[in-house]
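As structure tokens, the structure follows; a few thoughts come after it.
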There are 2 protein chains.
Amino acid sequence: MAGKRVTLKDIAERTNYTINTVSRALKDKEDIALETRKKIQRLAKEMGYIENSVAGSLRSGYSKTIAVIVGDISNPHFGIIVKEIEKAARKHRYTIIVLNTEDREELEESAIRTALSKNVDGIIICPSQRSEDNIWFLQRTGVPFVLIGRRFKSIPEFDYVICDDEKGGYLATKYLLDTGHKRILFLNGPLHISSAEERYEGYKKALQEYGVPLDPQLVREPGLIQSETRHLIRSLIEEGVDFTGVFAFNDVIAWETIYMLQKLGYGVPKDYSVIGFDNINARIFSPSPLTSISNSKSKMSRRALDILLKKINESQAGKSGGYREVVDTRLVVRDSTRNSH
Amino acid sequence: MAGKRVTLKDIAERTNYTINTVSRALKDKEDIALETRKKIQRLAKEMGYIENSVAGSLRSGYSKTIAVIVGDISNPHFGIIVKEIEKAARKHRYTIIVLNTEDREELEESAIRTALSKNVDGIIICPSQRSEDNIWFLQRTGVPFVLIGRRFKSIPEFDYVICDDEKGGYLATKYLLDTGHKRILFLNGPLHISSAEERYEGYKKALQEYGVPLDPQLVREPGLIQSETRHLIRSLIEEGVDFTGVFAFNDVIAWETIYMLQKLGYGVPKDYSVIGFDNINARIFSPSPLTSISNSKSKMSRRALDILLKKINESQAGKSGGYREVVDTRLVVRDSTRNSH
DNA sequence: TTGTAAGCGTTATCAA
DNA sequence: TTGATAACGCTTACAA
């Protein structure tokens, strides 16, 4: 099949220019005569030339590629983020590599190594936060990166773009309290994740403001990748744990909660009010629309990319860093909650 | 920040071995003394060596990378497929690059070019099918590829893995007919996509079997990327178009349909029965579970990858091709349909 | 078991 | 405006 791939050399031989001239003509450089450029470009097209950017990047030192490293690409939240980053990157003629970590530390490390070994110009990563090690490692390499969605609050070296998780947690809890719920089950993500920890802060703050005591029994962590939400809800109900409101770490967990509550014969919002996080219904119009906390994924994605590109350019010059961005969150009320006053 | 990146040369200098020996030691080749290997590997780790696979692939001719090109990564269907391909690829120590086409022909072409320019060893692509050109172009390059989810039935050169779309369309329609629906709205994808066309065949076949005349008014194409499902449903209802069953091209469209029907005051499945396609509820347990056609995404993904790897290996040898795989579909009944007899 | 030499396809640099 | 040469970091082939 397929003859060997056409290279600059082939074009050079056919045109009697040098490889160098051909290279610059194809890059449309001004210092090559317009006519020469046209001629070479035409022939290149005719011969089916495809740039070998691998070879180019070996020489030039940059690849016009960035890596996007997330926990679970099949979670619509990350799906949307990846799509938005890709779209924004394309405008700047960057390509993205997507790597999945399943929020596992070893896979995260190997994802970072893979990205680096492919000479990416920068990395946008939603860190597993099982430890700081992988990110310190990344930091030491000097390759520009930006955290997205999670941060290390105490480490100023790690630039990030997150949403206002504490406010989100606060707004969700406050809304449930305002609508008459006192026993609010919080199905949180694992606490080593900053977003989980900060949403928890918001949860506690709201409870405190309303003088509702914190019941540790109502704070649970069903897991993000392999969710045990359904089992958890079932056993909570069977054990007769008392709650009427649910605040879930993300919409997927909220959906599962509603799914199981309905399966057990309860109505949402009739018997339980449920709030999610991520506002996926803004993109996917599903039945039984979910009350949720909206974090602008397109804004987060675009900001993360902008910052990354800035860091990439600055790092050629000299210093960089100090980017800390918190995108606003707000409550979007839909049909999974109701006023029980 | 960051000192310059460590290369084989640096390690060679520190150990007084040659670059070549270091290279082979790090690849753990048997022809290097075990002791030497250990010593070099230890030092490499100590010095923070990260392989430059770009340089390696330039020389070796393969990159251990495959490209996955899809229309919309934020659609959970593709999110799941990408995740499954990534997982399977990782086992074979392959990395994936993900590229979005938005089902647009120009973006598809540039996605293919980007993939090729990065020297991927192979491509798994869900073609936009706006024309055959891009795939013929890909074919001519000689780079191994496999279509996933869509096929060109009349072009035997293009290997594919799809699900049994016709059967899926047939099963969905038959089920609606069996449960008493005669007026079945088919919200299809655009007909230039093989899956849409073949599901339509199934739809027609079932109608025919049951002696129900085909009403063109009931066959619509709300669009896949920018879905106009909600507007469409609203206007159909307002125009008083008569139907009681809906078969949607995918679950996202089905969800939107139910969303809008409910918004207009109708019940699902009380007033309308709705069937989707993709069976996303097998992964995401959402409230109001959707009756859907199941196509095993993990099986499709794994088969596509297996075939691709086979083609990659065979293409080094000589011939390859002739892979045509149809994964079975089946009906999964949930709560969005009911027997109206 | 290790070393030497060449080369992958580009781009950078400097000379003409 | 174009050409000659070297170099990017690695792997291959072969020699020692």
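Please read these numbers as outputs of a predicted model, since none were measured by experiment. The chains referred to below are lettered A, B, ... by the order of the sequence lines, with proteins before strands, and numbering in each begins at 1.
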field: Minimum-distance pair of heavy atoms, taken over all atoms of L116(A) and R5(B)
entry: O-NH1, 3.2 Å

Outermost DNA chain C nucleotides near chain A [under 4.0 Å, heavy atoms]: dG9(C) to dT13(C)

field: First encountered from the 5' end of DNA chain D, between G56(B) and L34(A)
entry: L34(A)

field: More than 12 heavy atoms from other groups under 6.0 Å of CZ on R90(B)
entry: yes

Determine whether the side chains of [X] and [Y] contain a donor N or O and an acceptor N or O closer than 3.5 Å.
{"X": "T18(B)", "Y": "T21(B)", "value": "yes"}
{"X": "T65(B)", "Y": "K118(A)", "value": "yes"}
{"X": "S63(A)", "Y": "S57(A)", "value": "no"}

Atom-pair distance ([atom1] on [X]; [atom2] on [N]), nearest Å:
{"X": "L8(B)", "N": "dT12(D)", "atom1": "CG", "atom2": "P", "result": "13 Å"}
{"X": "E35(A)", "N": "dT2(D)", "atom1": "CD", "atom2": "P", "result": "9 Å"}
{"X": "E51(B)", "N": "dC10(D)", "atom1": "CD", "atom2": "P", "result": "8 Å"}
{"X": "L26(B)", "N": "dG9(D)", "atom1": "CG", "atom2": "P", "result": "16 Å"}
{"X": "K29(B)", "N": "dT11(D)", "atom1": "NZ", "atom2": "C1'", "result": "8 Å"}

query: Side chain of R24(A), base of dG3(D): donor and acceptor closer than 3.5 Å?
result: yes

query: Between the axis at one end of the helix from dT1(C)-dA16(D) to dA16(C)-dT1(D) and the axis at the other (five pairs apiece), what's the angle to 10 degrees?
result: 30°

statement: Assign each of Y17(B) and R59(B) the nucleotide of DNA chain C bearing its closest heavy atom; nearer the 5' end lies the nucleotide of Y17(B)

Ignoring the backbone of [X], work out which of [options] is nearest its side chain.
{"X": "N20(A)", "options": "dA4(D), dA7(D), dT11(D)", "answer": "dA4(D)"}
{"X": "L58(A)", "options": "dT1(D), dT12(D), dC8(D)", "answer": "dC8(D)"}
{"X": "D31(A)", "options": "dT1(D), dC10(D), dT5(D)", "answer": "dT1(D)"}

Contact class for [X] (heavy atom, under 4.0 Å): base, sugar-phosphate, or nothing?
{"X": "N119(A)", "result": "nothing"}
{"X": "S57(A)", "result": "nothing"}
{"X": "K9(A)", "result": "nothing"}

Student check: side-chain heavy atoms of D28(B) and R37(B) closer than 4.5 Å: yes

task: Step by step, work out the side-chain contact (heavy atoms from CB on, under 4.5 Å) result for Y94(A) and I312(A).
output: CA-CA 12 Å; Y94(A) 274 79; I312(A) 289 171; 4.1 Å; yes

field: Test item: R113(B) side-chain N/O and I50(A) main-chain N/O as donor-acceptor pair under 3.5 Å
entry: no

message: Counting only side-chain nitrogens and oxygens, does T7(B) get under 4.0 Å of the OP1 or OP2 atom of dG9(D)?
response: no

query: Within the structure, does a side-chain N or O atom of T18(A) lie under 4.0 Å from either OP1 or OP2 of dT2(D)?
result: no

- prompt: Can we say D159(B) and K310(B) salt-bridge, meaning some charged N sits less than 4.0 Å from an Asp/Glu carboxylate O?
  reply: no

query: For E108(A), what residues pass the salt bridge (Lys or Arg N to Asp or Glu O under 4.0 Å) criterion, not counting sequence neighbours?
result: none

